[in-house]
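Accompanying notes for the structure given below.
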Amino acid sequence: MRFATLARRWHALLPGLILLPALLLVPRSGHAQSQDSPNKPIRFIVASAAGGVVDIRARKFGQRMADLLKQPILVDNKPGASTTIGAEFVARAAPDGYTALFGGNTEVVVVPALGMPIRYDPIKDFIPTAQFSLGYPLLVVNAGLGVKSLAELIDWAKANPGKLLCGTSGHGSGQHFICELLARSAKIQVRSVHYKGTGPMLLDTAAGQVHISIGFLAEVDKQYIKTGKVIPIGALSPKRIPVFPNIPTMVEMGHEGFETVSWTGLFLPAGTPKPIVDKLNAVVTKVVREPEFVSWLAETGSEAVTPTPEEFAAFTKAQLERWRKLSNDFGIKMDTQ
């Protein structure tokens, strides 16, 4: 009798016991997921080669952000096609907060503005999540060329027509634009040589494979300027860079339009839930405001900034329009590889 009763009770409970594992596997709501995230490693996609300023910053900021988020942050370099390979990869990634584009200036603004064929929309396919810094680069020349100023470089180029080689981080990059602009402004012939990122570009500049290139202090100061391999001859900024007060700006030397603000930011795929966006923005803001990072950015010629996602989105759109106008005004289009 007791056995029959237990059997009936077990039979009644069985459907619920079978259903329980399935219920446990039902995905939680997006809100609940975003509250608990991150719960696995995050990938920062850098759309250029290792060794450039974006890669350097991705690794330094990523390490500190990983401490705060209590999850590893993996830096994944995907260079090529003027940074569009890495950008497209993020644009097509799942909008779950675990894949982000670290960079943005070239791939989200410059390349689209200059007419490069791309398979993503720089505005619709990304959420500008957090901005880290603003900075200005330097025009540097290989020390072996024997010139120490922009005027001397122009004289050399005129005496050696068609021989001046200008390294860029990729076809359609900001450096490419500056090479073209220098040729027009100084009325000299400049041949652009394209690399898959700033790192290999600067290595070849230091080795004399190309004569000039454009780099940031984080990229060129310790490894190339202080070792005497390259010489800075012009600042692409509205005023002189504090750590290099003796280097005149391009405007001071009579060349307009060279002010090239570069910025670093974090972009998530479109469709990422707002709580995830806001959480990453808060972590970035905390890191950027730490004295160590404010000082480090200043030493590399950059300024720490911490806009909201909405402010960063407005900034990105304004930058895109500015570069489109520059492209049209100077007639510089880079629509073929």
Students should find that the hydrophobic cluster of Ile85, defined by side-chain heavy atoms under 4.5 Å apart, otherwise consists of none
Side-chain ([X]) to main-chain ([Y]) donor-acceptor, under 3.5 angstrom:
X      : Y      : answer
Thr84  : Ala81  : yes
Thr285 : Asn281 : yes
Glu321 : Ala318 : no
Thr260 : Phe258 : yes

Rounded to the nearest 0.5 Å, what separation is found between the [atom1] atom of [X] and the [atom2] atom of [Y]?
X      : Y      : atom1 : atom2 : value
Leu297 : Thr264 : CG    : OG1   : 8.0 Å
Asn142 : Thr205 : CG    : OG1   : 7.5 Å
Phe312 : Phe267 : CZ    : CZ    : 3.5 Å
Leu101 : Thr129 : CG    : OG1   : 9.5 Å
Leu268 : Thr99  : CG    : OG1   : 9.0 Å
Ile247 : Ile231 : CD1   : CD1   : 9.5 Å

ring-ring contact (aromatic ring centres under 6.0 Å, His included) pairs touching residues 289-309, sequence neighbours excluded, are Phe61-Phe293
Applied to residues 181-210, the ring-ring contact (aromatic ring centres under 6.0 Å, His included) test, sequence neighbours excluded, yields His171-His194, His176-His194
By salt bridge (Lys or Arg N to Asp or Glu O under 4.0 Å), Glu252 pairs with (sequence neighbours left out) Arg240
For Asp125, the salt bridge (Lys or Arg N to Asp or Glu O under 4.0 Å) test, sequence neighbours excluded, returns Arg92
Is any side-chain heavy atom of [X] less than 4.5 Å from a side-chain heavy atom of [Y]?
X      : Y      : value
Pro309 : Asp278 : yes
Pro128 : Glu310 : no
Thr306 : Gln131 : no

Consider only side-chain heavy atoms of I, L, V, M, F, W and Y, link residues closer than 4.5 Å, and tell whether [X] and [Y] are in one cluster.
X      : Y      : result
Val261 : Leu181 : yes
Phe177 : Leu320 : no
Ile188 : Val141 : yes
Phe244 : Tyr224 : yes
Leu74  : Leu280 : no

Give the table of side-chain donor-acceptor pairs shorter than 3.5 Å for residues 146-163, with sequence neighbours excluded, one pair per line with atom names and distance.
from, atom 1, to, atom 2, distance (Å)
Ser149, OG, Glu152, N, 3.2
Glu152, OE1, Lys148, N, 2.8
Asn160, ND2, Trp156, O, 2.8

Those residues at least two apart in sequence (or on a different chain) that pass ring pair (Phe, Tyr, Trp, His ring centres under 6.0 Å) with Tyr120 are Phe126
I would like to know whether Leu266 and Phe132 meet side-chain contact (heavy atoms from CB on, under 4.5 Å); could you show each step before the answer? CA-CA 8 Å; Leu266 199 66; Phe132 293 82; 4.0 Å; yes
Check: Are Gln175 and Thr198 close enough, and set up right, to give a side-chain contact (heavy atoms from CB on, under 4.5 Å), and what steps lead you there?
Finding: CA-CA 9 Å; Gln175 289 103 327; Thr198 304; 3.6 Å; yes
Scan the side chains in residues 103-117 for donor-acceptor partners under 3.5 Å anywhere in the protein, sequence neighbours excluded, and list what turns up.
from, atom 1, to, atom 2, distance (Å)
Asn105, OD1, Trp263, NE1, 3.0
Asn105, ND2, Ser262, OG, 3.3
Glu107, OE2, Gly104, N, 3.1

In short, disulfide (SG to SG under 2.5 Å) pairs touching residues 116-222 with sequence neighbours left out are Cys166-Cys179
Which of His255, Glu180, Met253 passes side-chain contact (heavy atoms from CB on, under 4.5 Å) with Ser185? It is His255
The single option from Val210, Thr168, Asp204 that satisfies side-chain contact (heavy atoms from CB on, under 4.5 Å) with Val193 is Val210
Enumerate donor-acceptor pairs with a distance under 3.5 Å from any side-chain N or O in residues 214-223 to protein atoms, sequence neighbours excluded.
from, atom 1, to, atom 2, distance (Å)
Glu219, OE1, Phe216, N, 2.7
Glu219, OE2, Val53, N, 2.6

Q) Are Tyr98 and Phe44 close enough that their ring centers fall under 6.0 Å? A) no
Test: Lys78 cationic atom under 6.0 Å from Phe89 six-membered ring centre, within 45° of axis: yes
Those residues at least two apart in sequence (or on a different chain) that pass side chain to side chain donor-acceptor pair (under 3.5 Å) with Ser302 are Arg57
Side-chain donor/acceptor pairs under 3.5 Å, residues 62-71, sequence neighbours excluded:
from, atom 1, to, atom 2, distance (Å)
Arg64, NE, Glu290, OE1, 3.1
Arg64, NE, Glu290, OE2, 3.2
Arg64, NH2, Glu290, OE2, 2.9

- List the steps, then state whether side-chain contact (heavy atoms from CB on, under 4.5 Å) holds for Leu139 with Leu236. CA-CA 7 Å; Leu139 174 64; Leu236 281 65; 4.0 Å; yes
Evaluate the side-chain contact (heavy atoms from CB on, under 4.5 Å) criterion for residues Val251 and Glu259: first the C-alpha distance (whole Å), next the side-chain angles of each, then the deciding distance (0.1 Å), finally the verdict.
CA-CA 8 Å; Val251 173; Glu259 293 179 12; 4.1 Å; yes
